[in-house]
Novice: 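The structure is given below, and queries will be raised subsequently.
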Amino acid sequence: ATMPPLLSAIANAGRHGVLVKSAVAMERLGRIDAVALDKTGTLTEGTPRVVDVRPLRERGLDEVELLTVAAAAEHPSEHPLARAVVDAARERGLDLPATEGFTAAPGIGVMAVVGGRTVQVGAPARLLAGAGAGAGAGAGAGGAGAGAEVEAKCAADADGYGYGYGDTDGVVAALVRELEESGRTAVLVVVDGTPAGVLGIADRLRPDAAATVAALTVLTGTAPTLLTGDNPRAAARLAAEAGIEDVRAGLLPQEKVRAVRELESAGHRVMVVGDGVNDAPALAAAHIGVAMGRAGSDLALETADAVIVRDELAAVPATVALSRRARELVV
Ligand code: ADP
Ligand code: MG
């Protein structure tokens, strides 16, 4: 017997470097009419580099110490930003002290005890909002309660930033703004509840990002949306380069889910493309979830309906087109 069209399409997708996990997924890929793309690791190459190390000198750490504690805390994390921080420390030949009690809060950052000090590394808005709220070190790793509190504080600020807590002199805010305006992702390092410095991290758009956005717009009839946990300034800059207008930044994992549900209740069948632990809930909520395989987190790969094994974003529209063709044969 000849192979059924959906199975041949799966085999074909495999030759394009895409692992489609089931015939149901292969069939659904052709039905999507809206796409939500994650930024870090999906639209970007996911190999960001630390390009600025800025200790707040009055807080006592120098560049080497700042990078050392940050890298130690980030060491267990699989987030692309964490790898950038660890690589920067390695390139400088720094020895990383052992850590205890590592926790990661998807979309916020990480926390660990390094040499008896509690170190948090993550999104400035989230960490500052938490630090002053008395949640202390717990904010970065917060449970639902702390998360909601942080969210409320951030929402209270017009810019989405909760500065003012733990940054009474505005020094951190100014530094973060300076880095973000030059397109960096600013990552705050907090030691024992006090901001110790900021790292500026730069990532590049994938070479096939703009072409993929254009192809998906034609295939679905809808311009893709960017969903990101990163700051609005870095997000807007990158989105413009990729040709995306609808940008939703500063999102926690559950807020990505909410954005997907909004699109679906507007009548769309949504495909989410992501790579991180923070994308897993949105990948699960979507009509179809696609994970970037090379640097993707295990949770994203397991949750997704399809995995881009070869590291090319352009494989996404190619697979949608394959599904459409197979479905024409099935009908
Ligand atoms: P994206 O949605 O663009 O993939 P994430 O949701 O993974 O981004 O992260 C959102 C923000 O949370 C990052 O821009 C960063 O500020 C912070 N963050 C998350 N995880 C980490 C980490 N391991 N180290 C530093 N910052 C982190
Ligand atoms: Mg990501």
Side-chain angles (χ1 to χ4, degrees), residues 36-48 50 69-88 102-112 119-130 139-142 147 150 154 160-161 176 179-180 183-190 197-203 205-206 225-239 242 244 247-257 259 272-283 290-297 299-301 304 313:
L37 298 158
D38 163 55
K39 182 176 78 68
T40 315
T42 300
L43 210 54
T44 68
E45 289 187 337
T47 45
V50 173
V69 295
E74 290 276 30
H75 191 252
S77 168
E78 55 183 13
H79 196 280
L81 295 178
R83 279 198 298 273
V85 175
V86 173
D87 287 350
F102 170 84
T103 44
I108 299 176
V110 300
M111 179 175 69
V119 177
Q120 292 165 270
V121 187
R126 307 281 179 193
L127 295 191
L128 286 181
V150 168
C154 290
Y161 283 76
V176 166
L179 295 175
E180 288 179 354
R184 316 267 201 257
T185 296
V187 165
L188 179 64
V189 183
V190 176
V198 181
L199 306 176
I201 301 183
D203 197 356
L205 200 65
R206 285 176 186 271
T225 299
L226 182 66
L227 304 182
T228 179
D230 200 358
N231 77 81
R233 279 180 280 264
R237 207 180 151 119
L238 222 104
I244 295 182
V247 182
R248 307 186 193 186
L251 302 182
L252 290 171
Q254 283 308 320
E255 295 171 322
K256 290 194 178 189
V257 171
V272 169
V273 188
D275 70 316
V277 170
N278 61 315
D279 299 317
L283 289 170
V290 178
M292 301 305 291
R294 184 182 60 87
S297 72
L299 189 61
L301 303 192
L313 200 56

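Predicted model, so just to flag it, every value in this text is computed and none were measured. Note that ligands are numbered from 1 as they come in the structure, with each ligand's atoms numbered from 1 the same way.
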Novice: Quick one: list whatever passes salt bridge (Lys or Arg N to Asp or Glu O under 4.0 Å) with K256, sequence neighbours left out.
Specialist: D38, D279
Novice: For the residue pair N278 and G107, what are the closest heavy atoms and their distance?
Specialist: CB-N, 4.0 Å
Novice: Between atom CG of L179 and atom CG of L199, what is the distance when rounded to the nearest 0.5 Å?
Specialist: 9.0 Å
Novice: Say you draw a straight line from CG of L227 to NZ of K39; how long is it, rounded to the nearest 0.5 Å?
Specialist: 12.5 Å
Novice: At a 4.0 angstrom heavy-atom cut-off, what protein residues surround ligand 1?
Specialist: D38, K39, T40, E74, S77, H79, L81, A82, G107, I108, G109, V110, V121, G122, A123, T185, V187, T228, G229, D230, K256, N278
Novice: Roughly how far, to the nearest 0.5 Å, is OG1 of T42 from CG of D275?
Specialist: 4.0 Å
Novice: Hey, which N, O or S atom on D38 ends up closest to the Mg ion (ligand 2)?
Specialist: OD2
Novice: Measuring from the Mg ion (ligand 2), name the closest N, O or S atom belonging to D275.
Specialist: OD1
Novice: For R83 and G46, which heavy atoms make the closest approach, and how far apart are they?
Specialist: NH2-O, 4.4 Å
Novice: Only one of V187, L188, V190 clears side-chain contact (heavy atoms from CB on, under 4.5 Å) with V121; which?
Specialist: V187
Novice: For the Mg ion (ligand 2), decide whether T40 has an N, O or S atom at a distance under 2.8 Å.
Specialist: yes
